[in-house]
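Reading through the C-alpha cells given below for one structure.
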2 protein chains.
Amino acid sequence: MQELQLLIQQLKEKGVKVTPQRQAILSSFLGPENKHLSAEDIHLAIAKTYPTISLDTVYRNLGMLRDIGILRELNLGERRVHYELTSNIHHHHLICTQCGDAQEIHYCPLKFLDQDKVNKFKILSHSFEIFGLCEKCTKKGGLL
Amino acid sequence: MQELQLLIQQLKEKGVKVTPQRQAILSSFLGPENKHLSAEDIHLAIAKTYPTISLDTVYRNLGMLRDIGILRELNLGERRVHYELTSNIHHHHLICTQCGDAQEIHYCPLKFLDQDKVNKFKILSHSFEIFGLCEKCTKKGGLL
DNA sequence: CTAAGTGCAAAACTTTTGCAGGCGA
DNA sequence: TCGCCTGCAAAAGTTTTGCACTTAG
C-alpha cells in the first residue's frame, strides 16, 4: 500500500496528526476504481476493520481532508455529500438516476469556456455532473 | 402579471389545483432577474403578503412543481436545495463562495460534449456550476 | 508533556410524513 | 360534494458542536 503512504506523507507535510482513524478513512478510498464515498459509506466500509470509529470522526476528517486538498466534495444529486481523492485525474460523472451508479467521463467543460464569459470572476472550482439512465437501466425499461 | 397567469395555466393543464399558496410560491420567482430560491427563501419572501403559509406546504409544492416541470432543482453547493423557473433560458452559474451571489453564465458544456464520450448513457439532465470569487469579493481581498 | 484528535451525547438544520380538517373545481 | 391541499406536529436523516478523555508527536 504505497499509495496510502503517499497520502499519509501529505498529512505530515500539513502538520496534521496521523491517527489510525485517518488512515482507515483514507484507505477506504484506495483500490482499483476511483471511489465516490459518503460519510456513511466510509463508516460502513471501515466498520469491518475498525469497528470503534465514530461517524462524527468521519465527518470531521472528511471536512479537514477537503480543506487541505486531499479530497474533493461531490454533489451527486443525492442528499448526502460524497467525496473522492483529488489525486485521481480530473474527471466528471455520468450518474444513473435509477441505480445510482456513477461512471467517470473524461471531458471537462472548462476547456471550452471563453474567458470573456467569465469576465472578472475568479474561478476556484467547478462541478459538472450528467444525470440520466445508464445502459443497463435503459435496457431494463427506462422509467420503471 | 401575465407571466403568473401563464404559470397558473400550466397548473390547470396538469390538473393541479390552483391554490393561493401555490400562486404565492410561483409569484416569488417572478421579477426582472432570474431567481434561485430555497424553500426557506420563498417562505420568507411570501411571509410579507401571505404570513400563514407553512413551510411544509412550500416544500411539498416545490417538489410537485419540479415533478411537473415548472421548476428545476439546483445544487449551489449549499446545504439547501434551490429552485429556478425552467421557463428561463438555459444557463449555468458563477457562484461566489464568499458572498453567495450567483451570476448566470450562458454557456452550456453539453454543446461541446462528444457523443462517443457518453456512449450508451441516456442523458436526461445535467448540472454545471462554477465556484470562486466574484469581482466584488476579489477586490475586498479574496480570502477574508 | 500537551495540543490535536476522538467518542459520546445532544443539538441543529433541512426535509419528509401522518393525520384531521379545509377548500378549489 | 369529493378528493386534493394545507397546517400542525412530530419524525427522519444528515451534519455539527460541546465537553471530557485519549493519544500522537
Side-chain angles (χ1 to χ4, degrees), chain A residues 4-5 7-28 36-47 49-68 70-71 73-83 100, chain B residues 4-5 7-28 36-47 49-68 70-71 73-83 100:
Chain A
L4 181 57
Q5 292 310 318
L7 291 169
I8 289 177
Q9 185 54 34
Q10 290 186 53
L11 290 185
K12 287 181 179 165
E13 282 165 15
K14 298 280 183 179
V16 168
K17 286 186 180 167
V18 180
T19 63
Q21 290 90 334
R22 284 177 181 163
Q23 294 186 52
I25 291 171
L26 289 173
S27 301
S28 63
H36 328 104
L37 305 173
S38 69
E40 188 62 37
D41 291 338
I42 294 168
H43 191 234
L44 283 173
I46 296 177
T49 56
Y50 204 116
T52 60
I53 195 171
S54 79
L55 189 53
D56 324 57
T57 298
V58 176
Y59 273 112
R60 266 189 282 236
N61 281 308
L62 288 176
M64 183 273 291
L65 293 167
R66 183 232 302 122
D67 292 342
I68 68 174
I70 291 180
L71 295 180
E73 209 172 287
L74 297 178
N75 248 318
L76 299 184
E78 291 179 34
R79 182 107 162 244
R80 301 176 186 180
V81 175
H82 287 69
Y83 292 87
Chain B
L4 180 56
Q5 292 312 316
L7 292 169
I8 289 176
Q9 185 54 34
Q10 290 186 53
L11 290 186
K12 288 180 180 165
E13 282 165 16
K14 298 281 183 179
V16 168
K17 286 187 181 166
V18 179
T19 63
Q21 290 91 333
R22 286 176 179 164
Q23 294 186 52
I25 291 171
L26 289 173
S27 300
S28 64
H36 327 104
L37 305 174
S38 69
E40 188 62 36
D41 291 337
I42 294 169
H43 192 234
L44 283 173
I46 296 178
T49 56
Y50 205 116
T52 60
I53 195 172
S54 79
L55 189 53
D56 324 58
T57 298
V58 176
Y59 273 111
R60 267 190 281 235
N61 282 308
L62 288 176
M64 182 273 292
L65 292 167
R66 183 232 301 123
D67 291 342
I68 67 174
I70 291 180
L71 296 179
E73 210 171 286
L74 297 178
N75 248 318
L76 300 184
E78 292 179 34
R79 182 109 162 243
R80 301 175 185 180
V81 176
H82 287 69
Y83 292 86

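Every chain is numbered from 1 and lettered A, B, ... according to where its sequence line falls, protein lines coming before strand lines. What you see is a predicted model, and the numbers here were worked out from it, not measured in a lab.
The side chain of B/Arg80 places an N or O atom within less than 4.0 Å of a non-bridging phosphate oxygen (OP1 or OP2) of C/dT14. Side-chain N/O atoms of A/Ser54 include one lying less than 4.0 angstrom from OP1 or OP2 on C/dG7. Distances shorter than 4.0 Å separate none of the side-chain N or O atoms of A/Arg79 from OP1 or OP2 on C/dT14. Between B/Gln21 and the phosphate of C/dC23, there is no side-chain N or O to OP1/OP2 separation shorter than 4.0 Å. The side chain of A/Tyr59 contributes an N or O atom lying less than 4.0 Å from OP1 or OP2 of D/dT15.
Computed from coordinates, the A/Glu40 CD to D/dG13 P distance equals 11 Å when rounded to whole Å. Between B/Leu26 atom CG and D/dC5 atom P there is a gap of 13 Å when expressed in whole angstrom units. Distance B/Gln23 CD to C/dC23 P: 15 Å, rounded to the nearest Å. When rounded to the nearest whole Å, the span between CG of A/Asp67 and C1' of D/dT16 equals 14 Å. Atom pair A/Tyr50:OH and C/dG7:C1' shows a separation of 11 Å (rounding to whole Å applied). The distance from atom NE2 of A/His43 to atom C1' of C/dC8 is 12 Å, rounded to the nearest whole Å. Rounded to whole Å, the distance from CD1 on B/Ile53 to C1' on D/dC5 is 11 Å. Atom C1' of nucleotide C/dC23 and atom CG of B/Leu11 are separated by 16 Å, given to the nearest angstrom.
With values rounded to the nearest 0.5 angstrom, B/Leu7 atom CG is found 13.5 Å from B/Arg22 atom CZ. Taking CD1 from B/Ile53 and CG from B/Asn61, the interatomic distance works out to 7.0 Å, rounded to the nearest 0.5 Å.
Residues A/Gln10 and A/Ile70 approach most closely at OE1-CG1, 3.5 Å, considering heavy atoms.
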Report the C-alpha separation of B/His82 and B/Asp41 in whole Å, then their side-chain angles, then the decisive distance to 0.1 Å, and conclude whether the side chain to side chain contact (heavy atoms under 4.5 Å, CB included) test is met.
CA-CA 9 Å; B/His82 287 69; B/Asp41 291 337; 3.9 Å; yes

Set out, in order, the CA-CA distance, both residues' side-chain angles and the distance that settles side chain to side chain contact (heavy atoms under 4.5 Å, CB included) for A/Leu62 and A/Val81, then state yes or no.
CA-CA 10 Å; A/Leu62 288 176; A/Val81 175; over 6 Å; no

Show, in sequence, the C-alpha distance, side-chain angles and deciding distance for A/Gln9 and A/Glu13, and conclude whether the side chain to side chain contact (heavy atoms under 4.5 Å, CB included) test is met.
CA-CA 6 Å; A/Gln9 185 54 34; A/Glu13 282 165 15; 3.5 Å; yes

Go through B/Leu65 and B/Leu26 one step at a time and tell me if the side chain to side chain contact (heavy atoms under 4.5 Å, CB included) criterion holds.
CA-CA 9 Å; B/Leu65 292 167; B/Leu26 289 173; 3.9 Å; yes

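Residue A/Asn61 has its side chain nearest to C/dT6 when only C/dT16, C/dT6, D/dT15 are considered. In this structure, of C/dG7, C/dT15, D/dT15, it is C/dT15 that holds the atom nearest to the side chain of B/Ala39.
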Strictly under 4.0 angstrom, non-hydrogen atoms only: write out the protein contact profile of nucleotides 18-25 of chain D, one letter per nucleotide from the 5' end, B, S or -.
B-----BS

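Residue A/Ser38 is out of contact with every strand shown, counting any heavy-atom pair closer than 4.0 Å.
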